[in-house]
Every structure is written in structure tokens, then in C-alpha cells.
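Here's the structure, in C-alpha cells; my notes come after.
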2 protein chains.
Amino acid sequence: MAPTETKDNVKRLFSEYLERHGHRKTPERFAILTEVYDHEGHFDIERLYARMKGKNYRVSRATLYNTMDLLLECDLVRKHRFGQAQAQFEKAHSYKQHDHLICTSCERVTEFCDPRIQSIRATVSEVTGFRVHHHALHLYGQCRECAEKNQTPSRPIGT
Amino acid sequence: MAPTETKDNVKRLFSEYLERHGHRKTPERFAILTEVYDHEGHFDIERLYARMKGKNYRVSRATLYNTMDLLLECDLVRKHRFGQAQAQFEKAHSYKQHDHLICTSCERVTEFCDPRIQSIRATVSEVTGFRVHHHALHLYGQCRECAEKNQTPSRPIGT
DNA sequence: GTTTATGCAAAGGCTTTGCATTTCA
DNA sequence: TGAAATGCAAAGCCTTTGCATAAAC
């Protein structure tokens with residue numbers, strides 16, 4: 001649950017973005033933004049749809065997909081493909097920079113932080129001229145629990 | 001084009017893997033492995049299918065998907081989801097460790113190396129007990145050329 | 001001779017699209 | 001009022017699955 005100041009902040013950012021690009025400020029768009037910032041962790045479109053439906057807020061999946069594109073464009077959400085079929089989303093503001101550990105046995109996704117990734121970004125920019133906007137570092141393997149159970153990976157290791 | 005010694009090596013590795021797991025050594029499986037190791041860079045299933053078809057080697061897409069799963073399991077290929085719909089593959093052996101820059105303007109994917117990523121892996125393992133098997137670091141942004149053209153991103157920025 | 005793999009086509013699942021209706025500006 | 005967004009359902013696309021046929025072992 002994001003603090004109120006954050007919610008107000010992202011609403012303002014979204015509002016400004018919509019204005020700047022000549023998009024309409026529909027209630028659906030802000031309802032989706034609010035729902036996204038009301039929860040921690042990852043979610044896919046289907047979960048978001050279910051959550052809003054559960055609150056008796058009717059939005060179509062099409063609008064969810066469209067709005068997520070807008071939120072991606074203005075950097076209010078981030079999109080991941082950890083290996084499953086569906087894309088995973090997470091809010092991008094008011095959330096410390098972090099990366100992901102993906103357990104290929106139990107499929108759980110956890111987070112970690114390491115400041116050195118920033119140095120890598122800086123060096124790469126400097127050397128190649130590539131302007132890094134954002135990054136994703138995924139470490140695949142076995143979480144401590146699965147490693148202790150000595151399980152073998154339950155699916156092809158990839159992505 | 002991988003050197004002959006590499007090709008022989010991966011064939012042996014694949015052969016051993018198949019034996020160890022009670023899988024059959026079909027000509028299709030080795031033909032696919034060979035095709036994969038004959039090219040540099042990324043490819044998706046469709047490209048692989050087209051390439052083999054172009055050489056008059058008939059394999060079904062189903063077999064391609066199945067075989068890629070086997071090759072993933074024995075670490076002879078790596079799988080990526082850079083943001084497009086289809087998964088991208090690349091050979092994993094005889095190829096220096098590298099990560100990827102994805103230009104969100106022109107969609108081009110280039111490679112870079114940074115040894116610090118290994119230190120991050122080590123630290124995370126140590127601290128969390130997560131056994132890192134492999135990783136993927138994706139830097140999203142604009143390549144030098146697109147940045148110079150001062151283009152705006154052509155699609156929602158995201159994984 | 002069994003059992004596993006291949007190939008084809010159909011099914012599946014996530015995402016996008018088309019179009020009528022609604023609604024923001 | 002006019003243009004853009006929503007919602008629904010249908011279409012698309014990549015991938016998986018089922019089943020008959022072929023081929024390892």
C-alpha cells in the first residue's frame with residue numbers, strides 16, 4: 001500500500017503526461033493507476049482485472065492493456081517477462097530500485113538490490129554511447145529452500 | 001560460425017545428456033543443434049524453421065520447440081524475451097559471457113560485457129543463499145544512433 | 001517389438017484489433 | 001458536437017497438445 005503522498009504524486013504525473021500528449025483523463029485510467037499503486041509486488045493483466053472486478057469496478061481487458069501501455073510510456077509501471085506466458089507488471093515509483101531472483105524450481109520471484117548495477121550502467125553508457133533508460137537484471141537458479149530440498153529444476157531453465 | 005572443435009564438443013555434450021536422461025538420439029535433434037551452432041546472434045523459432053527449410057532439411061515446428069527445451073535443459077542454448085512476442089534463442093557455449101542492450105527506438109539488440117556482474121552474482125548468492133545458475137542483464141534505452149537522431153521511443157518502453 | 005519421437009493440424013492462452021457506443025473536451 | 005476512449009467479441013500470433021505414423025533401441 002503506497003503512502004498517500006505517493007499516490008497523489010503519481011496521479012499528478014499521469015495527469016500531466018496525459019495532458020502533454022493530448023490524451024483524455026478518463027476515470028478508468030485513474031482507477032487503474034490507483035489499483036496498481038495500491039498493491040506491492042508483481043501482477044499480470046488477469047489479476048488486475050480480477051481485483052478491479054472484485055471491487056465492482058468494471059473495466060475491460062482491452063482498456064487494461066491500453067492503459068498499461070500509457071503507464072509504461074510515462075514510466076509509472078515496469079513490465080517483465082520472467083519466463084511465463086503472461087507479462088508481469090509492477091509499479092515503478094516510490095519503490096526502491098531492485099532486481100529479481102527467479103527460482104526455476106518453485107517459480108517464486110524475489111527481489112534484491114545491488115548498487116554496482118548503477119556503475120555498470122554508467123560504464124556502458126560512457127563506452128558505447130547507449131543512453132540507458134532502465135534495466136532488468138534477472139538471476140535464475142534455485143532459492144535457498146529449493147536448493148536445500150535438492151530438487152532438480154521443474155522446467156527448462158530459460159529466459 | 002563456431003569452430004569445428006566447438007561443434008564436436010557440443011554434440012558430445014548433447015549426446016551425453018540425451019543418454020543420461022534416456023532420450024533418443026534422433027537425427028533431427030543433432031541437425032537442430034548443428035544449425036543453432038552454425039550461426040551467431042539471436043534467432044526465434046520461425047527463423048530457425050526457415051533456415052532449415054532453406055537447406056531442405058524438413059523439421060516440424062513442434063520438434064523445434066521440443067528440441068529447444070532439451071537444449072535449454074542441458075545449457076546448450078539460452079532463451080530471452082527482449083520484449084517482442086516471440087522468444088529469442090542463442091547458443092550458450094563457446095561464446096563469451098555477455099549481456100544485452102536493447103534499443104527501444106530501433107529495436108536493435110547488441111551485446112556488451114562487464115565483469116562486475118559476476119561479483120553481483122557472487123554477493124547475492126552469499127547473502128541470500130540463492131544458487132545462481134545463470135543471469136540476464138538487459139539495458140533498455142536508445143542506441144547512440146537513435147539518440148543522435150533525437151528520436152522519441154517508438155513503442156512503450158518495457159521488457 | 002516396444003516405446004519414444006516426429007509431424008501435422010487443431011486447440012490454447014495471452015494480447016491485439018474492429019467497430020458500435022459512450023464520454024470527455 | 002466532434003474526436004477519442006471504452007467494451008465486447010472476434011481475430012491473431014506464438015506455443016502447446018493430441019494422435020497417427022515413423023523410427024530409435
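All heavy atoms count here, side chains included; hydrogens, waters and symmetry mates do not. Residue numbers begin at 1 in each chain, while the letters A, B, ... track the order of the sequences.
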Could you list the residues that satisfy side-chain hydrogen bond (donor to acceptor under 3.5 Å, both in side chains) with [X], not counting sequence neighbours?
{"X": "A/Thr26", "value": "none"}
{"X": "A/Thr128", "value": "none"}
{"X": "A/Ser60", "value": "A/Thr63"}
{"X": "B/Arg29", "value": "none"}

Looking at side-chain heavy atoms only, is the closest gap between A/Leu48 and A/Glu35 below 4.5 Å?
-> yes
Answer yes or no: is there a side-chain heavy-atom contact under 4.5 Å between B/Met68 and B/Val77?
-> yes
Determine which pairs satisfy ring pair (Phe, Tyr, Trp, His ring centres under 6.0 Å) with at least one residue from residues 44-70 of chain A, sequence neighbours left out, and list them in order.
-> none
In this structure, how many angstroms lie between the [atom2] atom of [N] and the [atom1] atom of [X], rounded?
{"X": "B/Leu70", "N": "D/dT16", "atom1": "CG", "atom2": "C1'", "value": "15 Å"}
{"X": "A/Tyr57", "N": "D/dG7", "atom1": "OH", "atom2": "C1'", "value": "13 Å"}
{"X": "A/Asp69", "N": "D/dA5", "atom1": "CG", "atom2": "P", "value": "13 Å"}
{"X": "B/Met68", "N": "D/dT15", "atom1": "CE", "atom2": "C1'", "value": "14 Å"}
{"X": "A/Tyr65", "N": "D/dG7", "atom1": "OH", "atom2": "C1'", "value": "15 Å"}

Looking at five pairs on each end of the helix from C/dG1-D/dC25 to C/dA25-D/dT1, what is the angle between the two axes, given to 10 degrees?
-> 30°
How would nucleotides 19-25 of chain D be written as a contact map, 5' to 3', with B for base contact, S for sugar-phosphate-only contact and - for no contact, using protein heavy atoms under 4.0 Å?
-> ----BBS
Near DNA chain C, which residues from residues 8-15 of chain A have a heavy atom under 4.0 Å away?
->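 Those residues whose heavy atoms fall under 4.0 Å from DNA chain C, taken from residues 8-15 of chain A, amount to none.
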A/His133 ring center within less than 6.0 Å of B/Tyr140 ring center | no
Cationic tip of A/Arg51 within the cone over A/Phe43's six-membered ring, i.e. under 6.0 Å and within 45° of the normal?
-> yes
Of all nucleotides in DNA chain C with an atom under 4.0 Å from a non-hydrogen atom of chain B, which is the first and which the last going 5' to 3'?
-> C/dT3 to C/dC8
Quick one: is D/dA5 close enough that its OP1 or OP2 comes under 4.0 Å of any side-chain N or O from A/Arg29?
->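 Answer is yes, contact under 4.0 Å.
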Select from B/Asp44 and A/Arg58 the residue whose nearest nucleotide in DNA chain D is closer to the 5' end of that strand.
-> A/Arg58
Using atom types as modelled, flag every donor-acceptor pair under 3.5 Å from a side chain in residues 11-22 of chain B to any protein atom, sequence neighbours excluded.
{"residue": "B/Arg12", "atom": "NH1", "partner": "B/Glu16", "partner atom": "OE2", "Å": "3.2"}
{"residue": "B/Arg12", "atom": "NH2", "partner": "B/Asn9", "partner atom": "OD1", "Å": "2.4"}
{"residue": "B/Ser15", "atom": "OG", "partner": "B/Lys25", "partner atom": "NZ", "Å": "3.1"}
{"residue": "B/Tyr17", "atom": "OH", "partner": "B/Glu73", "partner atom": "OE1", "Å": "2.5"}
{"residue": "B/Glu19", "atom": "OE2", "partner": "B/Lys25", "partner atom": "NZ", "Å": "2.3"}
{"residue": "B/His21", "atom": "ND1", "partner": "B/Tyr17", "partner atom": "O", "Å": "3.0"}

Who else is in A/Ile117's hydrophobic cluster (ILVMFWY, side-chain heavy atoms under 4.5 Å, direct or via others)?
->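 Traced through the cluster, A/Ile117 reaches A/Leu101, A/Phe112, A/Ile120, A/Val124, A/Phe130, A/Val132, A/Leu137, A/Leu139, B/Leu101, B/Phe112, B/Ile117, B/Ile120, B/Val124, B/Phe130, B/Val132, B/Leu137, B/Leu139.
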Flag yes if more than 12 heavy atoms outside A/Arg116 fall under 6.0 Å of its CZ atom; otherwise flag no.
-> yes
Contacts of type ring-ring contact (aromatic ring centres under 6.0 Å, His included), residue B/His42, not counting sequence neighbours =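 Partners of B/His42 under the ring-ring contact (aromatic ring centres under 6.0 Å, His included) test: B/Phe82, B/His100.
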